[in-house]
Amino acid sequence: MTFATSLRREWLSNPRADVLAGIVVALALIPEAIGFSIIAGVDPSVGLFASFSIAVIISAVGGRPGMISAATAAIAVLVLPLIRDHGVPYLFAATILMGLIQGVAGFLKLDRLMQYVSRSVITGFVNALAILIFVAQLPQLTHVGWETYAMVAAGLAIIYLFPRLTKAIPSPLVAIVILTIVSIFAGVHVNTVGDMGKLPSSLPAFGIPQVPFTLETLRIIFPYALTMAAVGLLESMMTAQIVDDLTDTPSNKRREMKGQGIANVLTGFLGGMGGCAMIGQSVINVKSGGSTRLSTLVSGVFLLFLIVVLGPLVARIPMPALVAVMIMVSIGTFSWGSIRTLRSHPWQSSVVMLVTVLVVVSTHDLAQGVVAGVILSGLFFAGKVRRLFDVTSELSADGRTRTYRVSGQVFFASSERFADAFDFKAVLDTVVIDLTAAHFWDISAVGSLDRAILRFRREGTHVEVVGLNQASATMVDRFAVHDKPGAEAALGAH
């Protein structure tokens with residue numbers, strides 16, 4: 001692909017819609033970035049500068065056009081103890097190390113781990129995030145006057161009804177502009193962006209974190225950086241997959257991992273906290289018409305323009321307008337079809353989805369929910385494969401030879417059933433273990449075969465193993481001990 005072709009496809013194929021979508025995202029990023037800064041216990045500028053930096057950098061080096069990355073709550077929660085115990089400079093150092101770890105993960109091709117995340121886990125992740133987005137709006141809807149509820153209702157009406165008139169301008173942007181004008185000129189008393197925290201008035205500056213360059217510093221920041229990197233990559237990979245599905249386009253997950261690393265390294269030097277992809281903002285971008293890298297770039301650049309140049313005006317944006325936008329995101333993100341298919345889908349899939357949702361909502365930690373879902377999916381899969389295993393036997397006419405026919409998958413979950421399928425006390429001259437319809441997956445399976453053969457030998461029975469496929473035969477040749485000198489002693493030591 002030539003540079004010109006790549007530029008048109010990834011940057012300039014949808015300029016008007018991308019610019020407008022980026023503006024909407026920038027407006028929605030401000031209160032979230034301030035809120036995440038408050039969670040982490042740092043000045044609002046740390047979250048705002050991080051959102052600007054990450055969005056701008058990832059637009060160029062990321063692997064998923066149209067996806068929004070910025071400061072996130074998941075990372076903010078993780079760094080709170082580091083900031084409390086050691087100070088903000090250690091946060092910047094940890095953010096730089098976080099980025100380096102993510103870059104290494106990209107070069108190690110760890111994006112392949114996504115293939116172990118089932119569709120049920122992804123659905124649970126999406127539904128849980130939709131719930132968390134909605135719950136996050138509740139503080140703005142409690143202990144407030146009727147004006148707030150009226151403005152939220154008006155905002156939702158504009159968001160859902162304006163597209164019937166025209167889709168040329170994103171309806172969330174229209175809602176924010178109209179409600180801001182009404183709030184300012186009608187003197188409506190509601191919470192505003194300025195109530196969330198003070199906006200910075202200067203540009204971010206490049207600087208080296210003021211921490212001692214010692215092994216003690218590395219010992220302090222490494223555990224945090226490793227956790228931040230893992231959580232950031234997990235959320236970014238999950239969000240990339242969701243945006244892939246929303247847009248029906250593929251993305252380069254490995255490039256995204258490397259891009260996240262680059263963005264976080266540079267953000268640490270610019271005085272920002274670590275971040276990752278944001279599904280809520282990515283959904284806003286997609287639903288507002290954003291589809292290329294330009295929308296991500298505009299969201300970052302316009303965010304900086306808003307807070308540095310238009311700060312006084314931005315501070316007067318009513319929070320109910322942004323709450324309405326986030327409620328729209330929550331409704332649009334939730335997979336409503338997953339409720340209808342709870343009964344029709346296999347019960348294991350439904351359980352995995354529900355457990356993922358429950359863990360995420362109860363812990364407010366997306367990573368914990370995904371890990372729980374993946375582990376549960378693995379257990380269900382192991383149980384399913386374990387049942388795809390059977391052993392039958394047939395005695396020869398003279399009663400001196402018994403043939404055991406093994407079918408299915410032999411691995412750690414079925415190896416015990418494999419061993420229990422044989423009658424070692426029967427008086428036989430020969431036992432034939434026919435593995436034509438079986439496959440050996442791991443050393444547990446090979447070990448079970450070893451033990452079966454050696455137990456028959458101790459009873460004076462000759463054993464023949466036939467029918468191994470090539471892959472199983474290779475594993476048996478490499479790891480089995482029954483055909484090697486000192487097999488009894490070797491197996492006992494094992």
Side-chain angles (χ1 to χ4, degrees), residues 109 112-121 345-349 351-352 373-494:
K109 303 179 181 179
R112 293 176 178 174
L113 294 176
M114 273 299 295
Q115 62 188 315
Y116 299 107
V117 180
S118 69
R119 176 58 54 179
S120 298
V121 175
H345 280 181
W347 68 269
Q348 296 93 334
S349 298
V351 168
V352 168
V374 169
I375 292 174
L376 195 57
S377 296
L379 292 175
F380 281 141
F381 176 75
K384 181 180 179 180
V385 174
R386 178 181 180 273
R387 291 190 294 272
L388 301 176
F389 171 82
D390 188 42
V391 179
T392 59
S393 67
E394 180 183 356
L395 187 64
S396 63
D398 60 6
R400 308 307 301 169
T401 300
R402 181 173 290 277
T403 300
Y404 290 91
R405 292 184 174 85
V406 182
S407 61
Q409 313 303 314
V410 189
F411 65 119
F412 66 90
S414 59
S415 58
E416 185 175 346
R417 291 180 63 199
F418 176 84
D420 292 342
F422 301 103
D423 181 2
F424 298 105
K425 296 302 181 182
V427 180
L428 299 166
D429 291 337
T430 303
V431 164
V432 178
I433 302 177
D434 186 351
L435 301 172
T436 304
H439 186 89
F440 279 51
W441 286 99
D442 56 18
I443 59 174
S444 295
V446 176
S448 294
L449 179 63
D450 279 332
R451 284 188 289 274
I453 293 173
L454 294 177
R455 287 187 66 180
F456 275 123
R457 286 179 183 173
R458 284 198 294 268
E459 300 297 330
T461 303
H462 175 69
V463 182
E464 296 178 8
V465 178
V466 299
L468 277 170
N469 60 41
Q470 184 174 354
S472 299
T474 300
M475 181 167 288
V476 170
D477 288 342
R478 182 176 179 183
F479 298 108
V481 299
H482 66 264
D483 55 349
K484 296 179 175 61
E488 293 278 358
L491 191 62
H494 178 72

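Note that these values count all heavy atoms, side chains included, but never hydrogens, waters or copies made by symmetry.
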Exercise for the section: Apply the side-chain contact (heavy atoms from CB on, under 4.5 Å) test between Y404 and each candidate in V431, D434, V432; give the one that qualifies. Expected result: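 So, applying the side-chain contact (heavy atoms from CB on, under 4.5 Å) to Y404 and each of V431, D434, V432, only V431 qualifies.
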Handout entry: Name of the residue among V391, V466, L449, T403 meeting side-chain contact (heavy atoms from CB on, under 4.5 Å) with I433
Key =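 Among the candidates, only L449 passes.
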Practice task
If the plane angle is over 60° it's perpendicular, under 30° parallel, otherwise tilted; pick one for F440 and F418.
Solution key: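 It falls in the perpendicular class, over 60°.
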Exercise for the section: Specify whether F424 and F422 have parallel, tilted or perpendicular ring planes, treating 30° as the upper limit for parallel and 60° as the lower limit for perpendicular. Expected result: tilted
Looking at [atom1] of [X] and [atom2] of [Y], how far apart are the two atoms once the value is rounded to the nearest 0.5 Å?
{"X": "T474", "Y": "R478", "atom1": "OG1", "atom2": "CZ", "result": "10.0 Å"}
{"X": "R417", "Y": "D390", "atom1": "CZ", "atom2": "CG", "result": "7.5 Å"}
{"X": "T430", "Y": "H462", "atom1": "OG1", "atom2": "NE2", "result": "5.5 Å"}
{"X": "F456", "Y": "D423", "atom1": "CZ", "atom2": "CG", "result": "7.0 Å"}
{"X": "D442", "Y": "Q409", "atom1": "CG", "atom2": "CD", "result": "11.0 Å"}
{"X": "M475", "Y": "I443", "atom1": "CE", "atom2": "CD1", "result": "8.5 Å"}

Handout entry: E464 atom CD: more than 12 heavy-atom contacts under 6.0 Å
Key = yes
Exercise for the section: Take L435 and V410 through the test side chain to side chain contact (heavy atoms under 4.5 Å, CB included) and record every step on the way to the result. Expected result: CA-CA 10 Å; L435 301 172; V410 189; 5.9 Å; no
Please confirm whether the backbone N or O of [Y] pairs with a side-chain atom of [X], one donor and one acceptor, at under 3.5 Å?
{"X": "S396", "Y": "T401", "value": "yes"}
{"X": "N469", "Y": "H439", "value": "no"}
{"X": "D429", "Y": "R400", "value": "no"}

Exercise for the section: For S444 and S415, test the side chains for any donor-to-acceptor distance below 3.5 angstrom and give the result as yes or no. Expected result: no
Practice task
Identify the two heavy atoms, one from V352 and one from S377, that lie closest to each other, and give their separation to 0.1 Å.
Solution key: CG1-OG, 3.3 Å
